[in-house]
Engineer: 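First the structure, then my questions, so here it is.
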Amino acid sequence: MSISEKYNPKSFEDKWYKYWLDNKIFKSTPDKRKPYTIVIPPPNVTGVLHMGHMLNNTIQDILIRRARMRGYNACWVPGTDHASIATEAKVVEKLKNDGISKNSLTRDQFLEYAWKWTDEYGGVILDQLKKIGCSCDWDRTKFTLDPLMSKSVVKVFIELFKKGYIYRGYRMVNWDPKAQTTVSDEEVIYREQKGKLFFISYMIDGEKNEKITVATTRPETILGDTAICINPKDKRYKHLKGKEVIVPIVNRVVPIIMDEYVDPDFGTGCLKVTPSHDPNDKIIGEKYSLDFIDIFSSDGTLNQNGLHFKGKDRFEVRKLIINEIKLIGQLVKIEDYINNVGTSERTNAIIEPRISEQWFLSMKELVKPAINSVLKTNEINLIPKKFNNTYRYWVENITDWNISRQLWWGHRIPVYYYGENKDDFVVAESFKKAVELAKVKTNNPNLKDSEIRQDEDVLDTWFSSWLWPISVFDGINNPDNDEINYYYPTQDLVTGPDILFFWVARMIISGYEFRGKNPFSNVYLTGLVRDQRGRKMSKQLGNSPDALNLIQTYGADGVRVGLMLSSAAGNDLLFNENLCNQGKNFANKIWNAFRLIDSWKLDVELKQSPASKDALEIFNNKFNKTIEIIDRYFKNYRISEALMTAYKLTWDDFCSWLLETLKPSYGSGIDKKSYDEVKSLLEKLLKIIHPFMPFITEELWHRNIKRKSHDSIGLSEWPKYQGHDDLVINKYEKMKQIISGVRNFRKDNKLKSKQPLNLFSLDSINIPYPQIISKLTYLDKIKHSKKQKFNQSNLFTVDVDRYYIPFKIDVNSKIDSKKYNEQLVHLENFLISIEKKLSNANFINSAPKNIIDLEKKKLKDTKDKIEILKNK
RNA sequence: GGGCGCUUAGCUCAGUUGGUUCAGAGCAUUUGGUUUACACCCAAAGGGUCGGGGGUUCGAAUCCCUCAGCGCCCACCA
């Protein structure tokens, strides 16, 4: 099989992915081995791959591939999320484009469309994950709206209801007028917005010319005003106690009430109270039994309580109403004002606080184990640790979870009503069961099916995804099955900090509630992918590169490396395509290293040269030292450092030093011992690169030697540390410096790289690896010499050892003495600082002995160096 | 408004309990090179008062205080 000169990832990436699938490399079933499990954060079923997914899933793939090689039964469970709001919005939009309005459809008709859409576009993202090499067990692919998932969700709902955690409440919730549903507190994002503060005067009822001024950012809500509130301690308004005011436009007479809640220093110290449209006003409203007047329809327009503004949008009304107030002379002034406006995480629509009947999950009790496991027992680790604080605040101040959504796409709430009273409902896993229960509850065996109706709402998407690590193994419906017992708890979870509360915290809660155990041990929180200017990548900005295009350009391996090169856990990643290019260059480097070895002709007659023997010994030591470092980095989830370490091992130690030393001279072959060993070393190297770059390593794995069809590098054994000698490593480092010294000498004197030269070590008898030095610097002779007389410019030093190169130096090309003078000055200053330190009695008395000895050694070494320099 | 975190070379970041000759890496830049693995290359070089100021200490990038800038989370005084 001839190898192409150019590294061309396109020529083999698809081939190997298919190979992995055909040979079931990613397949996992419970067995005797230890499991290593990751459940994917399910992307939205209608989503397309973006940079965040690439980052996130590359990390998961690296972890899972390495675990597989380390002998774990690695299981990566893929799947998608039905994403109620996002998907329903997309379907509604699509229907709208086809001229169909959601309102004209029945629930079943709509769902039919939605499923059609899901079947058509859904899962595209999973195919895209295959492009970047994700080694998921695809046979396990799950969808959060699958029947089995639904069954789990319903079972959980019923269980929690029976335990008293789920209740129905008439409460103020966050209303998304665009999606026309409520959203949870976590789904509201507050953004600073420039607005206006309007000062409006209200006439005092029964007093001719007396009025009171309020300040508001939302003048349209005065239509729902049912009181004016002032602080009882506010002397300015004392005389108004017990009086009433007339709300402008509606001319409603409402009381003036006194409550400490009002801050006398804000605005006019006078608050208009709209209990139906503000959470704080609602509290006041309830406290003083005020009227609740809802002025909005579900789409954010005004309803019949909005008088002549009925049907108009809330923001249009804001302008109109100000005009009217101005006309009647009750607008005092308008000030610029910056305030926080809640927007919907999904639709960006401005959230409208609204009172309505919703289902809630009481969290106070449920959250308890989730506090301990992360913050006290460390049964679960957040990586990086800094997220503990964020997490702590949320779990300790948790609010009840609004789990109902006024949508059709999702798990329908398993509540069935049979009457009009507050408690006229039953909770059941099916309609049939509901009828039975209702008959019992009402004591009416003749209750008809038609008298029973299911709650119209569906559950929050996260109410199904919080079960994910359990439900993908069917651990809710079938709690003692082999799979859940084997795979749960899972090991690592990799996701973004943006869903720490939405998803991660809730999975922890459900894990303890439904399994009595942590759902995972470690949570690796990635950063956001940002562009060069630090902006979050988004569709709106159009600053996100097309993921698949990147793969086309740089290859999947290149993109993976590019993403991993600069992404510490929890740190944002400023994405730069250059990084992918660096990744591609690295792949090319590996490719060519292989080509070089592959081109060598074996010469069985040839004896191994001392240089080759030494070079292989060096690399073996370096490899073992490095594998230990890499393993440690992995243990601490420092994946980019693990990669960089492997990168340098490959590029520098393997290519630049080992291969350059082994390289036979033109026309000669290579001895068998070296050949066999370098091929086996290459194999070890490919193994540690494999998790990062699965495609090229698989390709070269099969090219390096003939393999059986199912012998994938992905199933090979991760190299184990087999000991190393630091003396060898130190000698190696010294050797490199000597070689650099010779190369610099050539460069400084403008000598050809193959110009014959000799090298004399003046001080040290032990020259490290002279054969390698000689080979890589084209030296004739290299030996120790006590020569006393020499030309200063022909000298270089490594530590305190002097090396001399006899050669008649052209005066013009002499290195200028400035460099040496600078060096001398630096050393002399250094010497002074050491002497000062050593003559300081305090230092001698309080510093530990090893530090003092060290300083003494420094002193000696520095003196020696100065001596050498001065001799020049 | 509260809390947390960050600031080290042009860029992205390492830098363990304060002490190895500790100020580092990769990329970028500059210089030189290559008819025989790779210009997706090789060899080498330059580049930082560790955000500013103060303190503790024999000794501070590392600990404390303070100021400045940036980021994140939470809170929702209309």
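Chain letters run A, B, ... following the sequence lines, proteins first, then strands; residues in each count from 1. Just so it is clear, the model here is predicted, and its values are computed rather than measured.
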Engineer: The side chain of R743(A) lies closest to which of these nucleotides: G19(B), A43(B), U20(B)?
Structural biologist: A43(B)
Engineer: List the atom of L574(A), the atom of L579(A), and the distance in Å for their closest heavy-atom pair.
Structural biologist: O-CD1, 4.4 Å
Engineer: Answer yes or no for K333(A) and F199(A): cation-pi contact, defined as NZ/CZ to six-membered ring centre under 6.0 Å and angle to ring axis within 45°.
Structural biologist: yes
Engineer: Checking all strands, does T862(A) fall into the base, sugar-phosphate, or nothing category for heavy-atom contacts under 4.0 angstrom?
Structural biologist: nothing
Engineer: Out of C38(B), A37(B), A78(B), which nucleotide sits closest to the side chain of K663(A)?
Structural biologist: A37(B)
Engineer: Select one nucleotide: of C73(B), G19(B), A25(B), the one nearest the side-chain heavy atoms of T390(A).
Structural biologist: C73(B)
Engineer: What's the closest nucleotide to the A593(A) side chain, out of A44(B), A37(B), C74(B)?
Structural biologist: A37(B)
Engineer: Can you find an N or O donor on one side and an acceptor on the other, under 3.5 Å apart, linking the side chain of Q582(A) with the base of A28(B)?
Structural biologist: no
Engineer: Kindly indicate whether the side chain of K747(A) and the base of U31(B) share any N or O donor-acceptor pair separated by less than 3.5 Å?
Structural biologist: yes
Engineer: Does K648(A) place a side-chain N or O at less than 4.0 Å from the phosphate oxygens OP1/OP2 of A25(B)?
Structural biologist: no
Engineer: Quick check for you: among A43(B), U36(B), G19(B), whose closest atom lies nearest to any side-chain atom of K754(A)?
Structural biologist: U36(B)
Engineer: Is any side-chain nitrogen or oxygen of R638(A) closer than 4.0 Å to OP1 or OP2 of G15(B)?
Structural biologist: yes
Engineer: Decide yes or no on ring-ring contact (aromatic ring centres under 6.0 Å, His included) for F12(A) and F695(A), but give the supporting numbers first.
Structural biologist: CA-CA 7 Å; F12(A) 55 73; F695(A) 293 102; 7.4 Å; no
Engineer: So, OP1 or OP2 of C41(B): does either fall under 4.0 Å of a side-chain N or O from N585(A)?
Structural biologist: yes
Engineer: Tell me whether the OP1 or OP2 atom of A45(B) has a side-chain N or O from S740(A) closer than 4.0 Å.
Structural biologist: no
Engineer: Examine C38(B): is either OP1 or OP2 under 4.0 Å from a nitrogen or oxygen in the side chain of W651(A)? Give yes or no.
Structural biologist: no
Engineer: When all nucleic acid strands are considered with a 4.0 Å heavy-atom cut-off, which category describes R746(A): base, sugar-phosphate, or nothing?
Structural biologist: nothing
Engineer: From C73(B), G26(B), G19(B), pick the nucleotide closest to the side chain of I851(A)?
Structural biologist: G19(B)
Engineer: Compare the minimum distances between each of C73(B), C77(B), A37(B) and the side chain of L596(A), then state the nucleotide with the smallest one.
Structural biologist: A37(B)
Engineer: So, is Y391(A) close to the C73(B) phosphate, meaning a side-chain N or O under 4.0 Å from OP1 or OP2?
Structural biologist: no
Engineer: Describe, in one word, how the ring planes of F586(A) and W651(A) are oriented to each other, choosing from parallel (under 30°), tilted (30 to 60°) and perpendicular (over 60°).
Structural biologist: parallel
Engineer: Does K589(A) place a side-chain N or O at less than 4.0 Å from the phosphate oxygens OP1/OP2 of C42(B)?
Structural biologist: yes
Engineer: Considering only atom P, compute the distance from C40(B) to C27(B) and round it to an integer number of Å.
Structural biologist: 15 Å
Engineer: What's the closest nucleotide to the M644(A) side chain, out of C73(B), G19(B), G26(B)?
Structural biologist: G26(B)
Engineer: For the side chain of K386(A), counting heavy atoms from C-beta on, which of G19(B), G5(B), C38(B) is nearest?
Structural biologist: G5(B)
Engineer: Checking all strands, does N339(A) fall into the base, sugar-phosphate, or nothing category for heavy-atom contacts under 4.0 angstrom?
Structural biologist: nothing
Engineer: Give one of base, sugar-phosphate or nothing for Y647(A), where a contact means two heavy atoms less than 4.0 Å apart.
Structural biologist: sugar-phosphate
Engineer: Between Y337(A) and A78(B), is there a contact of a side-chain N or O with OP1 or OP2 at under 4.0 Å?
Structural biologist: yes
